[in-house]
Every structure is written in C-alpha cells, then in structure tokens.
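Working notes for the structure below.
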Amino acid sequence: MHALVTGAGGFVGRHLVARLRADGWSVTALTRARVDLADPVAAAAAVRAADPDVVFSLAAARDRRDPAARAASTAVNTSPWLVDALGPRCRAVVRLGSSTEYAASDRPLTEDGPLSTQSFFGATKAAGSLLLLAAAAQRGVRATVLRAFQVYGPGDHPTRFVPVVLAAAATGDRVPLTAPGMRRDWVWVGDVVEACVRAALADDLAPGTVLNLGTGVQTANEELVALAERATGRTVAVDVGAHPGRDWDTGHWVADPSRARELLDWKPTVDLPDGLRRAWCAR
C-alpha cells in the first residue's frame, strides 16, 4: 500500500507517517517545505506524481492576518484540486477534519449537527469536508471525514495548551488561563492515528461517512491543569482570565463518538490523566 500524507510535517501528520511506515506502508510525505498546497497547480502535480492507493488529507492552515493570508488558508483547508488529481488506483481519501467545523451546542456533538459559520478556521474546514465528499462522490472515490476533537500528545506544537502547561510544570512559569469553565474533549494523538488507519482500510465503510473522534468526556481548562499537577508531581501557577480564549471556546464542547465505535470498532484507549503522564515522560 502506498499512502500520500498531506500535512505530514504537522503534529498528527508526523505520528501518522511513523505509524504507516512501521506497518509496512510506503509513504509520500507532503510538507510545506516540499509543496505549497495553496498553489493548486503544484499541489495537483504532487498528487499525480505520488499516485497513491490512499490519501490522508491532514494539511491545515490557520493564518487569517490579512486577505492574502485568509485566501491561502482557505485554499489549503479546502484543497478543491485534490480529488481531480487522483489516479485510478486510489481506493480511499481520509480527511482529518476538526470539531471546530460544528456550531456550538449544549449537547454532545453528533455528525449530523449544524456546522460553524463563526470560526474562520472551522468554516474553512467544514467547507473543505463538504467539497471533498461531493467531489469524491462524483468521481466514485470512497472518502471519509474524521472530525477530531482536541488532539494532544508528544510532539505537539509548544504554544498549544497541554505543552504550555507541562512546560510550566518543569520551569515554574505562569500559565495564562481562560476564564473558568471553558471545556474541551481531549483525545490522544495515537488514538486519532489509529482511526485514520482503520478508516483507510475499511472498504465496507460507506462513501461520504463522517465520524467524530473524541472521548465523550469534556474537561475544563482549570481541571486539566489540576490533572497535569498530579501527572507531573509539580505545581502549575496560573493567571485565571489572562488568556482571551479561542473564538470557538465554550463551556460545553464534547463529542458523541458512538458512530466511530459502531462503524470502525474504534474507541479511545488513553484517557486524559494517562495521556498527560505519557506526554510529560516524553518531554
């Protein structure tokens, strides 16, 4: 099996490439240094040259500083050129979506829930998911969207919340925290990678399937800090309310992962206390 992984230099992408190679796959790893996915001509040429059996579409962009940056991020997050560039041997496309594609809800988020129109990143990711599913259906390619909730684990970007908290446990620095009660559903990176691989190999999975990747448990940011203190045996100093939060932050943000369990036989294997211990030991 030959895989093409876009976003291979990112957090989840690095873990996925390592897993695929360990399983015996050959992998073409596309990174920003290798090809600009905002350039449809160059990106499509890279896909055609790879001629993969499976595409894992993991690339994502968040830059929204000005119109040019927003246009480039939209191009990466939607990748409208992808399906048309696929050769006849491609059996599946697995897109790593985001929970930010959903609109906020006070109930566990399900795959048929309304999509976001407020978060720029979430809106572009949702648009990309819809475009992929429509184009793949037209071409007869099996496409799956995996909407991951808050992914964490070793190798995450140092400015993200879990690495910041663990770094503060090591250094004694203070962590700027959101107002109390902002909650997320934290899912271990290895569990997300496992779902990606299962979706690629699940030939009986219906084309156009969308699945949530989450634990079904939500944790407030201040609760995560307390768990990190227990995992590290260190005190983490915080400045409550000093962080403005994300544009999608809410007091209720949790997946209903039952569909992934039913269709992929997938479930999270690492809970947050264990994951924080593993991430701490991997530093």
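Starting from 1, each residue takes its place in the sequence as its number.
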Check against salt bridge (charged side-chain N to carboxylate O under 4.0 Å, His left out), Arg278 and Asp274: CA-CA 6 Å; Arg278 294 189 189 195; Asp274 186 22; 3.2 Å; yes
Side chains of His157 and Thr159, donor plus acceptor under 3.5 Å: yes
Lys125 (side chain) donor-acceptor with Ser99 (main chain) under 3.5 angstrom: no
Neighbour count >12 (heavy atoms, 6.0 Å) for atom CZ, Arg259: yes
Leu16 and Val197, any side-chain heavy atoms less than 4.5 Å apart: yes
Under 3.5 Å side-chain donor-acceptor pair for His243 and Thr178: no
Step-by-step side chain to side chain contact (heavy atoms under 4.5 Å, CB included) determination, Glu222 to Met182: CA-CA 8 Å; Glu222 64 272 17; Met182 297 296 101; 6.0 Å; no
Distance (rounded to the nearest 0.5 Å) between Arg160 CZ and Leu166 CG: 14.5 Å
Minimum side-chain heavy-atom gap Val210-Leu133 below 4.5 Å: yes
Pairing residues for Phe11 by the ring pair (Phe, Tyr, Trp, His ring centres under 6.0 Å) criterion, not counting sequence neighbours: His15
Donor-acceptor side-chain pairing of Arg62 and Ser73 below 3.5 angstrom: no
Full working for salt bridge (charged side-chain N to carboxylate O under 4.0 Å, His left out) between Asp23 and Arg19: CA-CA 6 Å; Asp23 286 354; Arg19 163 67 186 275; 2.6 Å; yes
Residue pair Leu227 / Leu272, side-chain heavy-atom distance below 4.5 Å: yes
Single-linkage hydrophobic cluster Phe56~Leu211, side-chain heavy atoms < 4.5 angstrom: yes
Reported CG-to-OG distance for the pair Leu131 and Ser79, which is rounded to 0.5 angstrom: 9.5 Å
Ring centroid separation Phe149 to Trp186 under 6.0 Å: no
Arg89 atom CZ, over 12 foreign heavy atoms within 6.0 Å: yes
No-hydrogen, no-angle side-chain donor-acceptor test under 3.5 Å, Asp256 and Thr110: no
Check: Leu205 main-chain N/O paired with Asp203 side-chain donor or acceptor under 3.5 Å: no
Reported CZ-to-CZ distance for the pair Phe120 and Arg70, which is rounded to 0.5 angstrom: 7.0 Å
Atom pair CG (Leu224) and CD (Gln150), whose distance is rounded to the nearest 0.5 Å: 10.0 Å
ILVMFWY network linking Val12 to Tyr152, side-chain heavy atoms under 4.5 angstrom: no
Check: Gly10 main-chain N/O paired with Arg32 side-chain donor or acceptor under 3.5 Å: no
Polar contact flag, side-chain donor to acceptor under 3.5 angstrom, Thr28-His2: yes
Cluster check Leu58, Val93: I/L/V/M/F/W/Y, side chain < 4.5 angstrom: no
Atom pair OG/CG of Ser26 and Asp53 - distance to nearest 0.5 Å: 7.5 Å
Donor-acceptor pair, side chain of Arg198 and main chain of Leu263, under 3.5 angstrom: no
Check: Pro257 and Thr215 side chains under 4.5 Å, non-hydrogen atoms: no
N/O donor-acceptor pair under 3.5 Å between Arg64 side chain and Ala71 backbone: no
Sequence neighbours excluded - salt bridge (Lys or Arg N to Asp or Glu O under 4.0 Å) pairs with any residue from residues 168-193: Arg174-Asp239, Arg184-Asp249
Side-chain donor/acceptor of Gln138 to backbone N/O of Ala135, under 3.5 Å: no
Pairwise side-chain contact, Asn212 with Tyr102, heavy-atom cut-off 4.5 Å (strictly under): yes
Salt bridge Glu101-Arg147, side-chain N to carboxylate O under 4.0 Å: yes
Gap separating the OG1 atom of Thr31 from the CG atom of Asp36, nearest 0.5 angstrom: 11.0 Å
Beyond-backbone contact of Leu177 with Phe161, side-chain heavy atoms, under 4.5 angstrom: yes
Main-chain N/O of Gly155 paired with Arg14 side-chain donor or acceptor, under 3.5 Å: yes
Joint hydrophobic cluster, Leu276 plus Val225, side-chain heavy atoms closer than 4.5 Å: yes
Connected via hydrophobic side-chain network under 4.5 Å: Val162 and Trp188: yes
